[in-house]
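Below is one structure; the comments refer to it alone.
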Amino acid sequence: MLAKTTLAILLSAASLPVLAAQCETTVESNDAMQYNVKEIVVDKSCKQFTVHLKHVGKMAKVAMGHNLVVTKDADKQAVATDGMGAGLAQDYVKAGDARVIAHTKVIGGGESDSVTFDVSKLAAGETYAYFCSFPGHWAMMKGVLKLGG
């Protein structure tokens, strides 16, 4: 009888669905120029990945707006610097900047935005960063994005 029970347990466990990769995440930003997440790991089995950005602060986007920009780590500073010239109307991201893998729009307190990008744009072994390109924010508001799984 014990063998039948054990067999039944093994068979039922084998029929459980394989856990699907988590192909999205939520990052919160605030009025203190901080993200609540310092690292995002993108599962390589995902075809697309979505980042949801929530501004949990109260200040307006003209004063304390935040976005989330994904680039190679080596491109972070240059993309942020070039983005300043693009202005708020362009979400502080230079139009057509090929170094930008993905970015949300700039949001203010109580707002949210999402961006979805193709995981095929990420290469194994490459170091990626995400940051806020609002002028003066990128040095503090940043994290690491990795391809994993």
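Nearest heavy atoms, Phe49 versus Glu24: CE1-N, 3.6 Å. Across all their heavy atoms, Ala129 and Asp73 have their closest contact at CB-OD1, 3.5 Å. The minimum heavy-atom distance between Asn30 and Met64, with the atom names listed, is O-CG, 4.2 Å. The two residues Gly65 and Cys132 make their nearest non-hydrogen contact at O-SG, 4.0 Å. Shown here for Leu53 and Ser29, the closest heavy-atom pair between the two residues is CD1-OG, 4.1 Å.
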### Task
Begin with the C-alpha distance, continue with both residues' side-chain angles, and end with the deciding distance and a verdict on side chain to side chain contact (heavy atoms under 4.5 Å, CB included) for Leu88 and Val62.
CA-CA 8 Å; Leu88 180 59; Val62 296; 3.8 Å; yes

### Message
Is there a salt bridge (charged side-chain N to carboxylate O under 4.0 Å, His left out) between Lys72 and Asp75? Walk through the geometry before answering.
### Response
CA-CA 5 Å; Lys72 289 181 180 177; Asp75 294 333; 5.7 Å; no

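Hydrophobic clustering, with ILVMFWY side chains joined whenever heavy atoms are under 4.5 angstrom apart, keeps Val79 apart from Met33. Both Ile101 and Val115 belong to a common hydrophobic cluster when Ile, Leu, Val, Met, Phe, Trp and Tyr are linked at side-chain heavy-atom distances under 4.5 angstrom. Ile107 and Val93 are assigned to two separate hydrophobic clusters, defined by single-linkage of ILVMFWY side chains at heavy-atom distances under 4.5 Å.
Side-chain atoms of Asp31 come within 3.5 Å of backbone atoms of Met59 as a donor-acceptor pair (strictly under, hydrogens ignored).
Rounding to the nearest 0.5 Å places NE2 of His103 at 11.0 Å from CG of Leu68. One distance of note links CG of Leu147 with CD1 of Ile40; it measures 13.0 Å at 0.5 Å rounding. In this structure, NE2 in His52 is found 7.0 Å from OG1 in Thr116, a value given to the nearest 0.5 Å.
With Phe131 as reference, Val69 is the one residue of Val70, Leu145, Val69 to meet the side-chain contact (heavy atoms from CB on, under 4.5 Å) rule.
In the model, Thr104 has no side-chain atom that pairs as donor or acceptor with a side-chain atom of Asn67 under 3.5 Å.
Here ring-ring contact (aromatic ring centres under 6.0 Å, His included) pairs that include residues 57-102, with residues two or more places apart or in two chains, are His55-His66, His66-His137, Tyr92-Phe134. Screening residues 131-147 for salt bridge (charged side-chain N to carboxylate O under 4.0 Å, His left out), with sequence neighbours left out, gives Glu39-Lys146. For residues 37-98, the disulfide (SG to SG under 2.5 Å) pairs, not counting sequence neighbours, are Cys23-Cys46. Residue pairs meeting the salt bridge (charged side-chain N to carboxylate O under 4.0 Å, His left out) criterion with at least one member in residues 95-120, sequence neighbours excluded: Asp82-Arg99, Asp97-Arg99.
Other residues, nucleotides and ligands place more than 12 heavy atoms under 6.0 Å from the NZ atom of Lys38.
For Ser112, the side chain to side chain contact (heavy atoms under 4.5 Å, CB included) criterion is met by Lys54, not counting sequence neighbours. Under the ring-ring contact (aromatic ring centres under 6.0 Å, His included) criterion, Tyr35 pairs with Tyr130, sequence neighbours left out.
The side-chain heavy atoms of Leu122 and Tyr128, taken from C-beta on, include a pair separated by under 4.5 Å.
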